[in-house]
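Values reported hereafter were calculated over all heavy atoms of this structure, with side chains retained and with hydrogens, waters and symmetry mates removed. Residues take their numbers from the sequence shown, with the count starting at 1.
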Amino acid sequence: MPISDTLSISYNNTSDNRLPKLEYNIYAKKWSIIFFCTCTALDSVAVPIVLYIILNYQTHLDKNTVYLIISGTLFGTIILEFLQRTWRLWKKSSTCRVANTGRWDFDWFHWNSALVLIVIIAEVATATSIDPPLVRLLAMPTSSILFVFSIEVLLIELMRTFRVKAPFRVSSIRKGEYLRPTLFTLIEDVVAVDGNGGSGYRVNLRARYEASRDFRRLLVFMTWFWMVPSLLVAVATSMVIFWPNLLSRDLAYVIGWSAPAAFITIWAVFTILIVQSALQKEKRNWTNDENRLL
């Protein structure tokens with residue numbers, strides 16, 4: 001059964017014994033997703049590596065110029081998407097903002113995207129401002145993305161495990177409410193804003209989460225499924241990059257940019273397979289009262 005069979009549904013009150021639906025067909029967005037992922041892979045993985053090799057070994061440019069050119073090409077797709085989602089959330093007529101929030105109340109994913117960009121810009125600026133440039137530091141941006149993601153997810157999951165209430169609004173989770181799995185908030189924000197699911201998707205996702213025990217278990221499992229390996233890959237890649245005399249500067253640079261990207265690609269494939277199977281199971285189990293919270 002295709003994943004869209006479970007995802008392209010509208011919210012229904014659980015009193016009629018039907019599974020609350022999300023009103024979102026991911027297959028209808030497949031070409032947009034493929035285009036975005038391709039552009040991101042090019043300007044955030046392929047271009048930095050290719051330019052590094054060509055400019056260092058096929059030209060006579062000085063090292064400072066080489067790394068300034070490379071740094072100017074980094075993460076263009078991600079930055080453009082960040083600017084677009086800023087406008088979508090900020091404009092007065094926004095249809096994807098969290099309910100009952102103002103124009104400056106950006107969602108959780110937006111604030112974390114801003115933090116990631118600040119970390120990356122600081123690393124690149126530091127690496128290229130020193131003579132000679134710090135090539136190994138310039139290989140860290142993709143690992144830093146994994147570090148920021150996994151450490152924050154770990155903190156939130158520990159808070160959730162110990163029943164610590166949200167100290168401030170986390171997207172649709174209001175201050176003082178119990179936290180949900182971090183993946184819940186990530187899906188809510190990305191689909192509502194970047195996937196054009198709108199504010200209604202936030203409502204439908206919450207309804208599904210509250211009604212379906214299988215869905216809650218899936219989000220908890222997938223949160224840890226991404227968080228633990230992300231942290232391990234980030235640590236391992238950083239050690240490979242900076243461990244004295246382990247690898248040449250060139251090889252460390254290539255691994256620094258490619259290893260996290262390879263991990264994300266492989267884990268994304270596993271995620272699709274796991275989610276498809278879990279959603280089929282959820283649908284089969286829905287008739288069993290033990291799997292509902294009515």
- Same cluster or not: are V190 and F215 linked, directly or through other Ile, Leu, Val, Met, Phe, Trp or Tyr residues, by side-chain heavy atoms under 4.5 angstrom apart? yes

- Query: Donor-acceptor pair, W257 side chain versus L138 backbone, under 3.5 Å?
  - Reply: yes

- Message: Working note: V164 + L179, criterion side-chain contact (heavy atoms from CB on, under 4.5 Å); need CA distance, chi angles, decisive distance, verdict.
- Response: CA-CA 7 Å; V164 177; L179 293 164; 5.5 Å; no

- Message: Assigning hydrophobic clusters by single linkage (Ile, Leu, Val, Met, Phe, Trp, Tyr; side-chain heavy-atom cutoff under 4.5 Å), is M159 placed with L186?
- Response: yes

- Query: Honestly curious: do V170 and L158 fall in one hydrophobic cluster under the side-chain, below-4.5 Å linking rule?
  - Reply: yes

- Check against side-chain contact (heavy atoms from CB on, under 4.5 Å), Q276 and I272: CA-CA 6 Å; Q276 285 180 331; I272 292 171; 4.0 Å; yes

- Task: Without swapping roles, check the side chain of R88 against the backbone of S94 for a donor-acceptor pair under 3.5 Å.
- Result: no

- Message: For I69 versus T73, what's the shortest heavy-atom pair and its separation?
- Response: O-CG2, 3.3 Å

- Query: Going hydrophobic residue to hydrophobic residue with side-chain gaps under 4.5 angstrom, can you get from I187 over to V98?
  - Reply: no

- Between K165 and Y178, is NZ or CZ placed under 6.0 angstrom from the six-membered ring centre and within 45° of the ring axis? yes

- Give a yes or no on whether I34 and L42 share a hydrophobic cluster (residues Ile, Leu, Val, Met, Phe, Trp, Tyr; joining criterion: side-chain heavy atoms under 4.5 Å apart). no

- Query: Where the side chain of W90 meets the backbone of F106, is there a donor-acceptor pair that is under 3.5 Å apart?
  - Reply: no

- For the residue pair W267 and F263, does the interplanar ring angle fall in the parallel (under 30°), tilted (30 to 60°) or perpendicular (over 60°) class? tilted

- Please round to the nearest 0.5 Å and tell me the distance separating atom OH of Y67 and atom CG of N56. 4.0 Å

- Is a side-chain N or O of T237 found less than 3.5 angstrom from the main chain of G256, in a donor-acceptor match? no

- Query: What pairs meet the side chain to side chain donor-acceptor pair (under 3.5 Å) rule with one or both residues in residues 144-155, with sequence neighbours excluded?
  - Reply: W108-E152, N112-E152, E123-S144

- Task: Check whether more than 12 heavy atoms from other residues, nucleotides or ligands sit under 6.0 Å from atom NZ of K91, and answer yes or no.
- Result: yes

- S277 (side chain) donor-acceptor with L273 (main chain) under 3.5 angstrom: no

- Query: Just by distance, do the side chain of S212 and the backbone of R208 share a donor-acceptor pair under 3.5 Å?
  - Reply: no

- R202 (side chain) donor-acceptor with G197 (main chain) under 3.5 angstrom: no

- Check: S172 main-chain N/O paired with R206 side-chain donor or acceptor under 3.5 Å: yes

- Do side-chain atoms of R136 reach the backbone of I241 as a donor and acceptor pair under 3.5 angstrom? yes

- Message: Checking T271 against W226: is there a side-chain donor and acceptor pair closer than 3.5 Å?
- Response: yes

- Task: Determine, for R85 against D189, whether the closest basic-nitrogen to carboxylate-oxygen distance falls under 4.0 angstrom.
- Result: no

- Query: Hey, does the side chain of T223 reach the backbone of L183 with a donor-acceptor pair shorter than 3.5 angstrom?
  - Reply: yes

